[in-house]
Number of protein chains: 4
Amino acid sequence: MRQKDDNKSEAILKATIELLNEIGLSDISMSKIAKRSKVSQATIYVYFASKEELLGKLYVNVKEKMSRQLLYDLNDALSTRELCERFMRNSMRYMLDNKEDFLFLEQFLNSPLMDKLCLEDTSKMFTPLYQLVEKGKQRGEIKQLETMLLLTYLYFPVTNLVKAHFKGQSEANEENLQQIIQLSWDAIKA
Amino acid sequence: MRQKDDNKSEAILKATIELLNEIGLSDISMSKIAKRSKVSQATIYVYFASKEELLGKLYVNVKEKMSRQLLYDLNDALSTRELCERFMRNSMRYMLDNKEDFLFLEQFLNSPLMDKLCLEDTSKMFTPLYQLVEKGKQRGEIKQLETMLLLTYLYFPVTNLVKAHFKGQSEANEENLQQIIQLSWDAIKA
Amino acid sequence: MRQKDDNKSEAILKATIELLNEIGLSDISMSKIAKRSKVSQATIYVYFASKEELLGKLYVNVKEKMSRQLLYDLNDALSTRELCERFMRNSMRYMLDNKEDFLFLEQFLNSPLMDKLCLEDTSKMFTPLYQLVEKGKQRGEIKQLETMLLLTYLYFPVTNLVKAHFKGQSEANEENLQQIIQLSWDAIKA
Amino acid sequence: MRQKDDNKSEAILKATIELLNEIGLSDISMSKIAKRSKVSQATIYVYFASKEELLGKLYVNVKEKMSRQLLYDLNDALSTRELCERFMRNSMRYMLDNKEDFLFLEQFLNSPLMDKLCLEDTSKMFTPLYQLVEKGKQRGEIKQLETMLLLTYLYFPVTNLVKAHFKGQSEANEENLQQIIQLSWDAIKA
DNA sequence: AATGAATGAGGATTCATTCAT
DNA sequence: TATGAATGAATCCTCATTCAT
């Protein structure tokens, strides 16, 4: 018998994410995905039980890849400040290098679909990050506040910078990066 | 001859925003909007030329209302720090009191539809805010950085707190609000 | 506004029954029905909420018409034997004149769809018939057995004769009709 | 080389008949049959050239089995009346013991599919029965009418009793059986 | 023999929109 | 203004069947 072709599955996922960025969740359709990925519509259903499952799996896929890249090289040898910097740097790198993935996540996270597809919790992907911040708190280098709140200041400034960059309203360059690293550090440091 | 009925127009907009929050941009349809707002499908076209126009007008509507509330009472008598605080407080108040509006905006802003509907620029709605930050910069109370970047630190921490609140992961109370006000101030102050 | 067009509704029902006789429940489809009745597929949904509802309403329609014809002129002036004869005669007349209706009913009644579509009970349509048989029992002209069982002998011989006729295996003529009338009477008479 | 596996073929036929009784000719599909019989869809095509052939072979299978059981022990030693009784008794036994087979036949016979699949004539399966009735006619014990017509009175009362039994409207017990045996004999006896 | 992969065609239903009143 | 009727195009998904192993 023929073997399942990973290329096909990936072509479908790739086409999906492309289209999601071009036309969005509101206008995407299985037929457009099929056309773009050059398989028959029916073939999509060989790999994914439904449109929802396709989107859900895409989300988990992308999120996993993202977490790997955001957490890259956050080793214990670094100081808390350096860890923060590296995380923000990783984040910007990721968002710039994976524009489509990043924008898809933003779109998906803000859609009610997200809740509808009771997806497995992805927060555990970021536990290393929590631990990092908590260690900083223990050392007294970071304010004694909820970890989630502190992380907000490490992640969303990057998000906004990169989005502004994509819209041509700002530039995601080293200079701006260093600025937000400084601002965020000023915000959370003890 | 009967006049266009504002109630009907508003019923349609209200139904639309409700549905957008319940089922999202991807699943909304004119027939669902008609059913929810208790008018005929055809009636929607008396008030809005197309689905896209309906969504576009809804966006502008909501955005206007939002800007009014966020900028409320930001008068010159206040210190820069007080202005920041008031803005963040306004923001949280708005998001909590207008959950559906707020979440709609988030969903809409992150969707490619946003770009497709070449909507009139809404940034001018917030010019008072820019001026406020710029005045702070001139006085040397705030870091000499791009205004947009600085504003990021006033807006998104609130956004994130309230979203976490809606998800039951945190609580948007006075205590947490004061914390982020402090953090954000630490970030942007000179 | 445009008025609902009864012709359209009936055209759809007519097309449905025609197709059910030509290709059967197993092969019928909304698109074929649309094509045959010369309306858009979507138009069918203006009149019927779903394929199932369409079939269900068709069934009730046809059954009503049938009961009217089978019970035609079964008046009290007739003797029990005459009533039986008239009923069987009515039945044959109906089946021959409404071949499609009759065969549709046979097909439908023997399909699991019948049970799936919890249709309103149609047995009450035939209460006059029950009463007729019961009166015969009271008079001692008919065997003292379950009414339903006795009715079986009045209805199914006709059914089978007409079906055989349609298949070219027999002929539904006066001679054969009189024969089964006699046989059935011999069966049920006291 | 492996041999064709009778178990598999039978599993497919069994699954088909089950599904036909559950969801009917209108909703059955090769994929559902495959799932139910726990073979691959493609495997069905090893045993049956097409869906139509599958249904056709199933029909012939079931019909053969049925004729064997209906004609069981109709030997010459019995009187005509006894033969009729035995045939009706066999019929009821068969229908009760092989509910699915019986209901499938009823469904199939009343569907246009029956005609479409030009199936080999199955009437010859019942020649013993014809001969039996004809002998009765020759002996002057049975009315001088078309054999097919007379047989109707032996078969369909049973059919109806058992169907009513399955619907919970009557009971297919010895008492009711004896009643219809008597009625049918009254109908056809000379 | 057996089957997972693959697919074009078609399934039921809903879409956004227009028409006629 | 307001709306029920109408529809061509599109929706998601399943169909019967074939292919390659």
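By convention in this document, chain letters (A, B, ...) are assigned in the order of the sequence lines, proteins followed by strands, and residues within each chain are numbered from 1. Reckoned from all heavy atoms, side chains included, excluding hydrogens, waters and symmetry mates.
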Review point. E:dA9 C1' sits how many Å from D:K51 NZ, rounded?
Key: 14 Å
Practice item. Choose from F:dA6, E:dT14, E:dT7 the nucleotide whose nearest atom is closest to any side-chain atom of A:V46. Key: E:dT7
Exercise for review: Give none if E:dT21 has no partner; otherwise give the nucleotide forming a Watson-Crick or G-U wobble pair with it, both distances under 3.5 Å.
Suggested key: F:dA2
Practice item. Establish, from distance only, whether the side-chain atoms of C:N21 and C:K99 form a donor-acceptor pair under 3.5 Å. Key: no
Point to revise | Straight-line distance of C:I12 CD1 to C:L58 CG, nearest 0.5 Å | key: 11.5 Å
Practice item. Look through every strand shown and name the nucleotide pairing with E:dA1 as Watson-Crick or G-U wobble, where both distances are under 3.5 Å. Key: none
Review point. Just how far is it from atom CD1 of D:I33 to atom CD1 of D:I28, taken to the nearest 0.5 Å?
Key: 4.0 Å
Check your understanding: In whole angstroms, how far is the P atom of F:dC13 from the CD1 atom of A:I44?
Key -> 10 Å
Review point. Separation of D:K35 atom NZ from F:dC15 atom P, in whole Å?
Key: 8 Å
Revision key, fill the gap. Assign each of C:D27 and B:A49 the nucleotide of DNA chain E bearing its closest heavy atom; nearer the 5' end lies the nucleotide of C:D27
Check your understanding: Could C:K116 and D:E22 be called an ion pair, given the rule that one side-chain N must be under 4.0 Å from one carboxylate O?
Key -> no
Check your understanding: Which whole-number value in Å describes the distance from C:L55 CG to E:dT13 C1'?
Key -> 15 Å
Exercise for review: Measure the distance from CZ on D:F48 to P on F:dT18 and round it to the nearest whole Å.
Suggested key: 16 Å
Exercise for review: Would you classify C:I28 as touching base, sugar-phosphate or nothing, given that sugar-phosphate means primed atoms plus P, OP1 and OP2, and contacts are heavy atoms under 4.0 Å?
Suggested key: sugar-phosphate
**Study point:** N or O in side chain of C:T43 less than 4.0 angstrom from F:dT7 OP1/OP2
**Key:** yes
Check your understanding: What nucleotide among F:dG8, F:dC13, E:dT3 has an atom nearest to a side-chain atom of A:Q41?
Key -> F:dC13
Practice item. Among E:dT3, E:dG8, E:dA5, find the nucleotide with the atom closest to the side chain of D:S40. Key: E:dT3
Point to revise | Proximal nucleotide (of F:dT7, F:dA16, E:dA16) relative to the C:A42 side chain | key: F:dT7
**Study point:** Residue-phosphate contact under 4.0 Å: C:K32 side-chain N/O, E:dG10 OP1/OP2
**Key:** no
Check your understanding: Relative to each other, are the rings of D:F102 and D:F166 parallel, tilted or perpendicular (30° and 60° limits)?
Key -> tilted
Practice item. Nearest whole angstrom, please: distance from the P of E:dA5 to the CG of A:N7. Key: 14 Å
Revision key, fill the gap. Picking from F:dA16, F:dT11, E:dT13, the nucleotide nearest the side-chain atoms of A:S31 would be F:dT11
Exercise for review: In whole angstrom, give the distance that lies between atom CD of A:E52 and atom P of F:dT11.
Suggested key: 17 Å
Point to revise | Closest listed nucleotide, where the reference is the side chain of B:S29 and the choices are E:dC15, F:dT7, F:dA5 | key: E:dC15
**Study point:** N/O (side chain, A:K8) to phosphate O (OP1/OP2, E:dA5) under 4.0 Å
**Key:** no
Check your understanding: Where the side chain of B:Y45 is defined as all heavy atoms beyond and including C-beta, which of E:dT7, E:dT17, F:dA6 is the nearest nucleotide?
Key -> E:dT17
Review point. Looking at F:dA6, F:dA16, E:dT14, which one has an atom nearest to any side-chain atom of D:M30?
Key: F:dA16
Exercise for review: Would you tell me if any nitrogen or oxygen in the side chain of C:Y47 comes within less than 4.0 Å of OP1 or OP2 on F:dA5?
Suggested key: no
Practice item. Check whether more than 12 heavy atoms from other residues, nucleotides or ligands sit under 6.0 Å from atom NZ of C:K14, and answer yes or no. Key: no
Practice item. Give the rounded distance in Å between these two atoms: CG of C:L19 and P of E:dG10. Key: 15 Å
